[in-house]
Amino acid sequence: MAKRLIIANWKMNPATLKEARALFQATKKKASTVARASVVIAPPSVYLAFCKPSKKVLLGAQNVAWADKGAFTGEISAVQLANLNVTYVIVGHSERRFLGETDEIISKKIKSVLKQSLIPVLCIGELERDNHGAYLRMVEDQIRKSLAGIGRESLAKVVIAYEPVWAIGKSSDEAVNSHKLHEMTIFIRKILSGMCGRDLAHKVQIIYGGSVEAKNALELIQNGNVSGFLVGHASLDIKGFGEIVKAVDARG
Ligand code: 13P
């Protein structure tokens, strides 16, 4: 089993640098006792330069440009992120897909991230579940298209974050259950096996995001067949996030 990973996606929070610094420091403190997991904080990009990563807490970005440099107003390149000591880059989050990001753009972004030796965290997930398996086709399509043109060896370096859109921003009661999650991880790994072979596919880390809270973290990590979480709203609550980190670290 790959090393466990908990990524805090702060999204467009908090409102001030002062709050961001305080939350970063408090999270660092919570993560200081973690033995078997990596904790990553992905703050809004304006705060990246003010958040100093450590051995226990790494830095993540929420988005990246597909180009290395040039006339791209408002964009931030993987080269610039690497210079700010970022290690992980979230790519293709559903909230960015809603803003028009396509699988083609996502694939270019992943290549740009890999070129800087950063770790892409590819977000995939269906909008809703149906009884005919259309949701599986959607997930498969996202994986194949978002990873198109990426070499077999590089594929193994990508972290896949399964984030069903219907489960995002709710409460733990409405998150995916561990049984459905386990099934989905098998499906994802089967697709990856077809793309890069069984051995490399087994190296790919699969994590889950979508209303992970202190209440459901232990059950999902124990029985969901994932090696970690991408946490949204609960990462802004230091106590709750601390409990999620503890649950992931404690799993047998
Ligand atoms: P929530 O944990 O708020 O559901 O957000 C999940 C997510 O989108 C993380 O990237």
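- In terms of modelled atom types and a separation under 3.5 Å, the side chain of Glu75 and the main chain of Phe72 share no donor-acceptor contact.
- Side chain of Lys109 to main chain of Val64: a donor-acceptor pair is present (N/O by atom type, distance under 3.5 Å, no hydrogens or angles).
- Distance alone, capped at 3.5 Å, is enough to place a donor-acceptor pair between the Arg4 side chain and the Val248 backbone.
- When side chains are defined from C-beta on, Pro44 counts as touching Gln62, because their heavy atoms get closer than 4.5 Å.
- When hydrophobic clusters are built by joining Ile, Leu, Val, Met, Phe, Trp and Tyr residues whose side-chain heavy atoms come closer than 4.5 Å, directly or via intermediates, Ile119 is grouped together with Ile207.
- Leu155 is listed as a side-chain neighbour of Met195, based on a closest heavy-atom distance under 4.5 Å.
- Within the 3.5 Å criterion, the main-chain N or O of Glu243 finds no donor-acceptor partner in the side chain of Lys30.
- Salt-bridge check for Lys11 with Glu95: passed, with a basic side-chain N closer than 4.0 Å to an acidic carboxylate O.
- A salt bridge is defined here as a Lys NZ or Arg NE, NH1 or NH2 lying under 4.0 Å from an Asp or Glu carboxylate O, and Asp173 with Lys215 meets this definition.
- Val40 and Val245 fall into different hydrophobic clusters, where Ile, Leu, Val, Met, Phe, Trp and Tyr residues are linked whenever their side-chain heavy atoms come under 4.5 Å apart, directly or through other members.
- Ring to ring, Trp10 and Tyr47 are not that close: their centroids are 6.0 angstrom or more apart.
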Start with the C-alpha gap between Asn9 and Ile90, add the side-chain angles, then the distance that decides, and say whether side-chain contact (heavy atoms from CB on, under 4.5 Å) holds. CA-CA 9 Å; Asn9 177 8; Ile90 299 169; 4.1 Å; yes
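- Proximity of Val176 to Trp166: side-chain heavy atoms (C-beta onward) are separated by under 4.5 Å at one or more points.
- When side chains are defined from C-beta on, Ile6 counts as touching Phe241, because their heavy atoms get closer than 4.5 Å.
- The aromatic rings of Tyr208 and Phe229 sit perpendicular to each other, their planes meeting at more than 60°, with 30° as the lower class boundary.
- Between the side chain of Glu219 and the main chain of Ser178, no donor-acceptor pair closer than 3.5 Å is present.
- Side-chain contact between Asp103 and Gln142 is present, with at least one heavy-atom pair separated by less than 4.5 Å.
- You'll find the side chain of Pro53 stays beyond 4.5 Å of the side chain of Thr87, heavy atoms only.
- Atom CD1 of residue Ile186 and atom CD1 of residue Ile188 lie 10.5 Å apart, to the nearest 0.5 angstrom.
- Of the possible polar contacts, none joining the Ser146 side chain to the Ile143 backbone as a donor-acceptor pair under 3.5 Å is found.
- For the pair Thr27/Val57, no side-chain contact is recorded, criterion being any heavy-atom separation below 4.5 Å from C-beta on.
- In this structure the side chain of Val121 never reaches within 4.5 angstrom of the side chain of Val91, judged on heavy atoms.
- A salt bridge is absent between Lys108 and Glu104; no separation between the charged side-chain nitrogens and carboxylate oxygens falls under 4.0 Å.
- Under a cut-off of 6.0 angstrom, the local environment of NZ in Lys246 is sparse, with at most 12 non-hydrogen atoms contributed by other residues, nucleotides or ligands.
- When hydrophobic side chains of Ile, Leu, Val, Met, Phe, Trp and Tyr are connected at separations under 4.5 Å, Leu127 ends up clustered with Phe98, Met138, Val165.
- Side-chain contact, Asn216 with Ser172: no donor N or O sits under 3.5 Å from an acceptor N or O.
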Using the side-chain contact (heavy atoms from CB on, under 4.5 Å) rule, take Val89 and Leu81 through it: C-alpha gap first, then chi angles, then the decisive distance, then the call. CA-CA 9 Å; Val89 182; Leu81 293 177; 4.1 Å; yes
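- Remark: the Glu174 side chain and the Ser211 side chain contain no N/O donor-acceptor pair separated by less than 3.5 Å.
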Under the side-chain contact (heavy atoms from CB on, under 4.5 Å) criterion, do Thr185 and Tyr162 qualify, and how do the steps go? CA-CA 8 Å; Thr185 62; Tyr162 170 59; over 6 Å; no
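- A side chain to side chain contact (heavy atoms under 4.5 Å, CB included) with Ile124 is found for one member of Met184, Glu140, His93, Arg97 and no other, namely Arg97.
- Counted within 6.0 Å of CZ on Arg137, heavy atoms from surrounding residues, nucleotides or ligands total more than 12; the atom is thus considered enclosed.
- Proximity of a side-chain donor or acceptor of Lys29 to a complementary backbone N or O of Gln25 within less than 3.5 Å is not detected.
- Atom NZ of Lys190 has 12 or fewer heavy atoms from other residues, nucleotides or ligands within 6.0 Å.
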